[in-house]
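Keep in mind it's a predicted model, so treat the numbers as computed, not measured. Computation of the quantities below employed the complete heavy-atom set of this structure, encompassing side-chain atoms and omitting hydrogens, waters and symmetry-equivalent molecules.
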Amino acid sequence: MNEKFYALPEEKQSQILNAAYKVFATNQYKKAPTSEIAAEAGISKSLLFHYFHNKQELYLFLWKHAADLTKKYMR
């Protein structure tokens, strides 16, 4: 992942992550269009790929993010 994602304001990071969660939750991985994720987040598809090199990297980031949140709230 590009470190520029972490340089974004927290609100913008949340917008992108929430959009990705929504699209992946309603579609299978293979049928989850990155263009829909970008549109939902209010960014261009190329900007999404600037932050995450490909769809797999974004998906794996979401898994780690969800696991980290779960651990945080279980403590």
Q | Single-linkage hydrophobic cluster F61~Y59, side-chain heavy atoms < 4.5 angstrom | A | yes
Q: List for me each residue that meets side-chain contact (heavy atoms from CB on, under 4.5 Å) alongside L47, sequence neighbours excluded, and say none if there are none.
A: I43, S44, H50, Y51
Donor-acceptor contacts, no H, no angles, side chain residues 11-24, under 3.5 Å, sequence neighbours left out:
residue : atom : partner : partner atom : Å
Q13     : NE2  : F5      : O            : 3.1
Q13     : NE2  : Y6      : O            : 3.2
Q13     : NE2  : L8      : O            : 3.1
S14     : OG   : E10     : O            : 3.2
N18     : ND2  : S14     : O            : 3.2
Y21     : OH   : L62     : O            : 3.1
Y21     : OH   : H65     : ND1          : 2.8
Y21     : OH   : A66     : N            : 3.3
K22     : NZ   : E40     : OE2          : 3.2

Q. Does any non-hydrogen side-chain atom of N27 lie less than 4.5 Å from one of E36?
A. yes
(Q) I'd like to check the salt bridge (Lys or Arg N to Asp or Glu O under 4.0 Å) partners of K64; sequence neighbours left out, ordered by chain and number. (A) D68
Q) Does atom OH of Y29 have more than 12 heavy-atom neighbours, drawn from other residues, nucleotides or ligands, at distances under 6.0 Å? A) yes
Q) Partners of T70 by side-chain hydrogen bond (donor to acceptor under 3.5 Å, both in side chains), sequence neighbours excluded? A) none
Q) Can L58 be reached from W63 by stepping across I, L, V, M, F, W or Y side chains whose heavy atoms are under 4.5 Å apart? A) yes
Q.
I need the T26 OG1 to K31 NZ distance, nearest 0.5 Å.
A. 12.5 Å
Q. Which other residues end up in the same hydrophobic cluster as F49, if Ile, Leu, Val, Met, Phe, Trp and Tyr are linked when side-chain heavy atoms come under 4.5 Å apart?
A. none
**Q.** Counterpart residues, side-chain hydrogen bond (donor to acceptor under 3.5 Å, both in side chains), relative to T34 (two or more places apart)
**A.** none
